[in-house]
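I have placed the structure first, in the form of structure tokens, so that the comments after it can refer back to it.
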Amino acid sequence: MNNPTSPPTPAVDPGELIEDPYGAYGRLREEGPVHRITGTDGLPAWLVTRYDDVREALADPRLSLDKHNATPGGYRGMALPPALDANLLNMDPPDHTRIRRMVSKAFTPRHVEGLRVPIRRTAERLLDSLPGRDEVDLIPSYAAPLPIIVICDLLGVPQSRRAGFRAWTDALVAPDPTRPERAREAVGDLLSFFTRLIADKRARPADDLLSALIAVRDEEDRLNEDELMSLAFLLLVAGYENTVHLIGNAVAALLAHPEQLAALRADAALLDRAIEELARYDGPVPLAIRRFPTEDIVIGGVTVPAGETVLLSLAAAHRDPRRFPDPDRLDIGRDAGGHLALGHGIHYCLGAPLARMETGIALTALFDRFPDLSLAVPPHDLRRRPSMRSRGLLALPVRPAGRPGPSDAHASVG
């Protein structure tokens, strides 16, 4: 066992973890299961890299998400007001269990299945409206608006309120270090947005998830006001943020591996397995949300003191050859079950069924409409967000080739 006062201290540049996460995390994974690193905030953290250790830690109740369990003077994190901070990503049981139970019915596979037809219609409508050019950026025109429309419809966010929302969340999730004021401004904008939205829903409730949550708050008193607003914030952000990148990364990976795309087009039955493999191969979340041990614990043979920050590297775990043979190869026929892209344990993603469905529909509709779609730049020239928190594309320039019309669309991929 390593002495916690003399932990392994690999030479790793935080920038490398952003620019080349699979290479950097992979090197660390093979050097050892747990490392003491310096995060982008300049503070020390414990990085866990091997699949078995990451999976076990995700389900370990001694690893708390509650920032109050952090060592004083240690983790600072994102500065959010209580009205946005009292959300599931900062909670442990029993509060986590109480609040999660209130919204879980909206994301069951059976309920989500009822959304399939409207989601497909939305995807087709977005493809209909792609600009008539030889080159199109699929992120702002398709991968981003699809999940935004879906989650906004589910929550009941009026069309007139949706403009600008993505820019605010981008400023929080991938902050620009040269313009720190943008993150602060985004917090204020989001707080005002949700304050007005909840007030409007109280005055004019409708048949949507947000109106139902307000009723739980006002009529049943199972939520306080900060929890209500924070839950709305989390559902809206989480409901599209990771799905945008899951779709974008999946399209980019398939276009960069035409033989895999050809196999998918040849056998629609591979779609479900392909989604799991794409989530493993290049998922939207390189690091699980930070955790804090409530007591000294041993991870991978290393003692981690209570209260210190633990980072679980999903990017490293998903390329661990101990779990996934030939892990750097995209193989849509692979059984990628057990990947951790959507979490594990009590914090497993509530919206996982919805994210899987949206991704499947997005891929099906896109490649059915444009069977000769190709990247407009080499794969290594695709620009990604400068963030350790999320792995997503800033742009996905593609050439639709023949641009067949809506009447040519068919359902060969899914």
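Given the structure is predicted, the values throughout are model-derived calculations rather than measurements. Only heavy atoms go into these numbers, but all of them, side chains included; no hydrogens, no water, no symmetry mates.
Residues D66 and D95 are not in side-chain contact: their nearest non-hydrogen atoms beyond the backbone lie 4.5 Å or more apart. Within the 4.5 Å cutoff, side-chain heavy atoms of F367 are placed close to those of L261. In this structure the side chain of L278 never reaches within 4.5 angstrom of the side chain of N249, judged on heavy atoms. The closest side-chain heavy-atom distance from P158 to L197 is below 4.5 Å. Counting only heavy atoms from C-beta outward, the side chains of V34 and V310 never approach each other to under 4.5 Å. With a 4.5 Å cut-off on side-chain heavy atoms, D208 and D153 do not count as touching. In this structure, L210 and F194 have side chains that are not in contact, with every pair of non-hydrogen atoms separated by 4.5 Å or more. Using a 4.5 Å heavy-atom cutoff, the side chains of F292 and T309 are in contact.
Residues D52 and R323 are not paired through a salt bridge, judged by the lack of any N-O separation under 4.0 Å between the basic side chain and the carboxylate. Electrostatic pairing of R222 and E227 does not count as a salt bridge here, judged by no charged N lying under 4.0 Å from a carboxylate O. With respect to the salt-bridge test (charged N to carboxylate O, under 4.0 angstrom), the residues E277 and R273 do not qualify. Ion pair D200/R196 not flagged as a salt bridge, since none of the NZ, NE, NH1 or NH2 atoms sits closer than 4.0 Å to an Asp/Glu carboxylate oxygen. Comment: E30 engages R322 in a salt bridge, judged by a side-chain N to carboxylate O separation of less than 4.0 angstrom. The pair D128-R369 counts as a salt bridge, with a side-chain nitrogen and a carboxylate oxygen less than 4.0 angstrom apart.
Without hydrogens or angle criteria, H318 side chain to G283 main chain gives no donor-acceptor distance under 3.5 Å. A side-chain donor-acceptor contact under 3.5 Å links R334 to the backbone of R329. In this structure, the side chain of R290 engages the main chain of L65 through a donor-acceptor pair within 3.5 Å. Judged by distance alone, the side chain of R389 and the main-chain N or O of L287 form no donor-acceptor pair under 3.5 Å. Looking only at distances, a side-chain donor or acceptor of T49 sits under 3.5 Å from a matching main-chain atom of P33. R55 places no side-chain N or O within 3.5 Å of a backbone atom of L340 that could act as its donor or acceptor partner. Using a distance-only test at 3.5 Å, with no hydrogens or angles considered, a donor-acceptor pair links the side chain of D320 to the main chain of Y51. With D53 contributing its side chain and V48 its backbone, the two residues share no donor-acceptor pair below 3.5 Å. Here the side chain of N87 pairs a donor or acceptor atom with the backbone of L84 at under 3.5 angstrom. Put simply, the side chain of S141 gets close to the backbone of D137: a donor and an acceptor are under 3.5 Å apart.
When every heavy atom of P286 is checked against every heavy atom of Y25, the shortest pair comes out as CB-CE1, 4.5 Å. Contact record, D368 with R265: N-NH1, 3.9 Å, taken as the closest heavy-atom pair. Of all the heavy atoms in S230 and A83, the pair that sits closest is OG-O, 2.9 Å. Across I346 and R100, no two heavy atoms sit closer than the pair O-NH1, 3.4 Å. Of all heavy-atom pairs between T195 and M229, the closest is OG1-CE, 3.5 Å. In this structure, A252 and L396 approach most closely via the heavy-atom pair CB-CD1, 4.0 Å.
Every residue two or more places apart in sequence or in another chain that forms a salt bridge (Lys or Arg N to Asp or Glu O under 4.0 Å) with R62 is listed here: D60, E295.
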Between E16 and R27, is the salt bridge (charged side-chain N to carboxylate O under 4.0 Å, His left out) condition met? List the steps.
CA-CA 11 Å; E16 185 185 5; R27 174 171 59 81; 3.4 Å; yes
Should D134 and R399 be marked as a side-chain contact (heavy atoms from CB on, under 4.5 Å) after you check the CA-CA gap, both sets of side-chain angles, and the distance that decides it?
CA-CA 6 Å; D134 290 336; R399 294 192 179 96; 5.7 Å; no
Is there a side-chain contact (heavy atoms from CB on, under 4.5 Å) between I151 and T243? Walk through the geometry before answering.
CA-CA 10 Å; I151 195 62; T243 309; over 6 Å; no
E308/R36 under side-chain contact (heavy atoms from CB on, under 4.5 Å): CA gap, chis, key distance, verdict:
CA-CA 11 Å; E308 300 209 350; R36 187 76 155 163; 2.6 Å; yes
Give the C-alpha distance, both sets of side-chain angles, the deciding distance and a yes or no for side-chain contact (heavy atoms from CB on, under 4.5 Å) between H339 and E276.
CA-CA 7 Å; H339 71 75; E276 304 308 310; 2.6 Å; yes
Evaluate salt bridge (charged side-chain N to carboxylate O under 4.0 Å, His left out) for E113 paired with R110, printing each intermediate quantity in order.
CA-CA 5 Å; E113 184 62 32; R110 181 176 180 181; over 6 Å; no
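Taking CG from L154 and NE2 from H111, the interatomic distance works out to 5.5 Å, rounded to the nearest 0.5 Å. Expressed to the nearest 0.5 Å, how far OG1 of T359 lies from CD1 of I275 amounts to 6.0 Å. Interatomic distance, CD1 of I247 versus CG of L366, reported as 10.0 Å (0.5 Å rounding). Distance check, rounded to the nearest 0.5 Å: SG of C152 to CG of L236 gives 5.0 Å. If you take CG on L89 and CZ on F233, they are separated by 9.0 Å, rounding to the nearest 0.5 Å. Rounding to the nearest 0.5 angstrom, the gap separating the CG atom in D189 from the CZ atom in R182 is 11.0 Å.
Taking a 6.0 Å sphere around CG of D207, one finds it holds 12 or fewer heavy atoms contributed by other residues, nucleotides or ligands.
No side-chain N or O of T294 forms a donor-acceptor pair with one of N69 less than 3.5 Å apart.
With L312 as reference, R291 is the one residue of R291, E56, H344 to meet the side-chain contact (heavy atoms from CB on, under 4.5 Å) rule.
Cation-pi geometry between R280 and F324 is met: under 6.0 angstrom from the ring centre, within 45 degrees of the axis.
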